[in-house]
Amino acid sequence: MKKLNTDFEQAMIRKIEHLFFCDNCKRTGVFNNVKLEPEELLGLSLEDIDTSVNFLDMKLSFPSYINAITGGSYISESVNRKLAILSREFDIPVMTGSMSVFLKYGEIKSYLPLKKGYKVIVNLSARNTVSELLKCAEAMDTDYACLHLNTAQELIQPEGDTSFTDETKNIKDAVNEFGDKLIVKAVGQGFSRGTIERLLSLGVKNIDISGAGGTDFSEIERMRTIEKVEAFPSIDTETSLGYLNAFDVYKIASGGIDTPLDAIKAIKSGADITASAYYYLTLTRMNKYEAVAKLKNDRMTFKKLMLLLGKKNLHELGGD
């Protein structure tokens, strides 16, 4: 077996492993405490149901976008090509995986298919500077950006960072540059109330809580390590969204949003929009016609659930 001699080769393998181990994350279910009650005699029809939502400066027909999963690797290029097709066909914004491989090694080819999607959001660690974020945005020809916070993932990762001293400054600089078009997200560990308060103090307007229960990158790093590493603390999606609801901020629910029912419960629990990585990744393993059919069917199921609950729009669904 060939030895990996370069940092670039090792980085490529790590990104491939992220895709592979994503399937092995413990998907524990989310919003298990949310109860839904069907309503009758409301005089509604399916045509009355409006699933549209405002997101950043976009108007979307459905409250979901493709969350970050594919970093730079030759396998990512193939996945991104398929994601771009779905993004374009259904007007779904798509977030890149971390573009650290592009910054460190100049590898941009695997990300480029996403430029053919509907709208692209570039994604980097909060340890990256705003100039690096701007470089990624320019490379992908977009005005939308995201910074992720992933302390647990880095501490578990054998080659991970152990210094997080610049994150506050980098987020503040990014807010000043991107304004309302910036998202700050977790990576499967959720956000505490204290973290949310600190993000708001920096001027962050859009927060993705990405809680435990779905794709968890710290869990993925545990699976990658040879030595046994104990699980680090995390906050489930429902709890983290509950913290977020106490604040006036755009609320993004991700972490285990795998079904139309999950998305319904997320919106009912206060989210403005949902985001999914694993769900869309599973679609890329189907042929185009199967993926399109499933996406259409799931969106129709979401709409039927809204009708069953007697909610004509997302504002009503989340207004209880």
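What you see is a predicted model, and the numbers here were worked out from it, not measured in a lab.
- Here E132 pairs with nothing under the salt bridge (charged side-chain N to carboxylate O under 4.0 Å, His left out) rule; sequence neighbours left out.
- For the pair I171 and V184, the tightest heavy-atom approach, listed with the atom from each and the gap, is CG2-CG2, 4.2 Å.
- Side-chain atoms of T142 come within 3.5 Å of backbone N or O of V120 as a donor-acceptor pair.
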L314 and I273: CA distance, side-chain angles, deciding distance, side-chain contact (heavy atoms from CB on, under 4.5 Å) verdict: CA-CA 9 Å; L314 299 182; I273 196 171; over 6 Å; no
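- To the nearest 0.5 angstrom, K115 atom NZ is 13.0 Å from N80 atom CG.
- A side chain to side chain donor-acceptor pair (under 3.5 Å) check over residues 192-206, counting only residues at least two apart or in different chains, returns the pairs S192-T195.
- Proximity of a side-chain donor or acceptor of E290 to a complementary backbone N or O of N287 within less than 3.5 Å is detected.
- With hydrogens and angles disregarded, no donor-acceptor distance shorter than 3.5 Å links the side chain of D166 to the backbone of R127.
- Listed by chain and residue number, D298 satisfy the salt bridge (charged side-chain N to carboxylate O under 4.0 Å, His left out) test with K294 (two or more places apart in sequence, or in another chain).
- A single hydrophobic cluster is seen to contain both I66 and F90, as judged by linkage of ILVMFWY side chains at heavy-atom distances under 4.5 Å, directly or through other members.
- Side chain of N313 to backbone of D50: no donor-acceptor contact under 3.5 angstrom is found.
- Ring-plane geometry between F55 and Y250 is classed as tilted, the angle between the planes lying from 30 to 60 degrees on a 0 to 90 degree scale.
- Contact detail for F102 and C136: the closest heavy-atom pair is CD2-SG, 3.9 Å.
- D208 and N67 are linked by a side-chain donor-acceptor pair at a separation below 3.5 angstrom, with hydrogens and angles left out of the test.
- Residues C146 and L133 share a closest heavy-atom pair of O-CD1, 4.0 Å.
- With sequence neighbours excluded, the residues that form a salt bridge (charged side-chain N to carboxylate O under 4.0 Å, His left out) with K169 are D173.
- Between the H148 side chain and the L124 main chain, a donor and an acceptor come within less than 3.5 Å of each other.
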Check against side-chain hydrogen bond (donor to acceptor under 3.5 Å, both in side chains), S64 and Y280: CA-CA 10 Å; S64 174; Y280 288 104; 2.7 Å; yes
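- Under the 4.5 Å side-chain heavy-atom criterion for Ile, Leu, Val, Met, Phe, Trp and Tyr, Y105 and M140 are members of the same hydrophobic cluster.
- Heavy atoms from other residues, nucleotides or ligands lying under 6.0 Å from NZ of K303 number more than 12.
- Residues satisfying the salt bridge (charged side-chain N to carboxylate O under 4.0 Å, His left out) test with D57, not counting sequence neighbours, are K181.
- The hydrophobic cluster containing V249 also contains L149, counting ILVMFWY residues as joined when their side-chain heavy atoms lie under 4.5 angstrom apart, directly or transitively.
- Looking at S240, its side chain never comes within 3.5 Å of a backbone N or O of D236 through a donor-acceptor pair.
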side-chain contact (heavy atoms from CB on, under 4.5 Å) between S61 and S52, worked out: CA-CA 4 Å; S61 62; S52 65; 5.5 Å; no
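- M286 and Y289 are members of different hydrophobic clusters when ILVMFWY side chains are connected at heavy-atom separations under 4.5 Å.
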From CA spacing to verdict: side-chain contact (heavy atoms from CB on, under 4.5 Å), V130, N170: CA-CA 6 Å; V130 69; N170 291 338; over 6 Å; no
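- One N or O on the side chain of Y111 and one on the backbone of S98 form a donor-acceptor pair closer than 3.5 Å.
- Hydrophobic cluster membership is shared by L200 and F178, with clusters built from Ile, Leu, Val, Met, Phe, Trp and Tyr side chains linked at under 4.5 angstrom.
- Ring-centre distance between F191 and Y243: not below the 6.0 Å cut-off.
- Remark: L281 CG to K82 NZ distance equals 10.0 Å, nearest 0.5 Å.
- Residue pairs satisfying the side chain to side chain donor-acceptor pair (under 3.5 Å) criterion with at least one member in residues 40-49, sequence neighbours excluded, are listed as follows: S45-E47, S45-D48.
- Residues L114 and A84 approach most closely at CA-CB, 4.2 Å, considering heavy atoms.
- The main-chain N or O of L83 is never found under 3.5 Å from a side-chain atom of S87 such that the two would form a donor-acceptor pair.
- In this structure, E107 contributes its side chain and K109 its backbone to a donor-acceptor pair below 3.5 Å.
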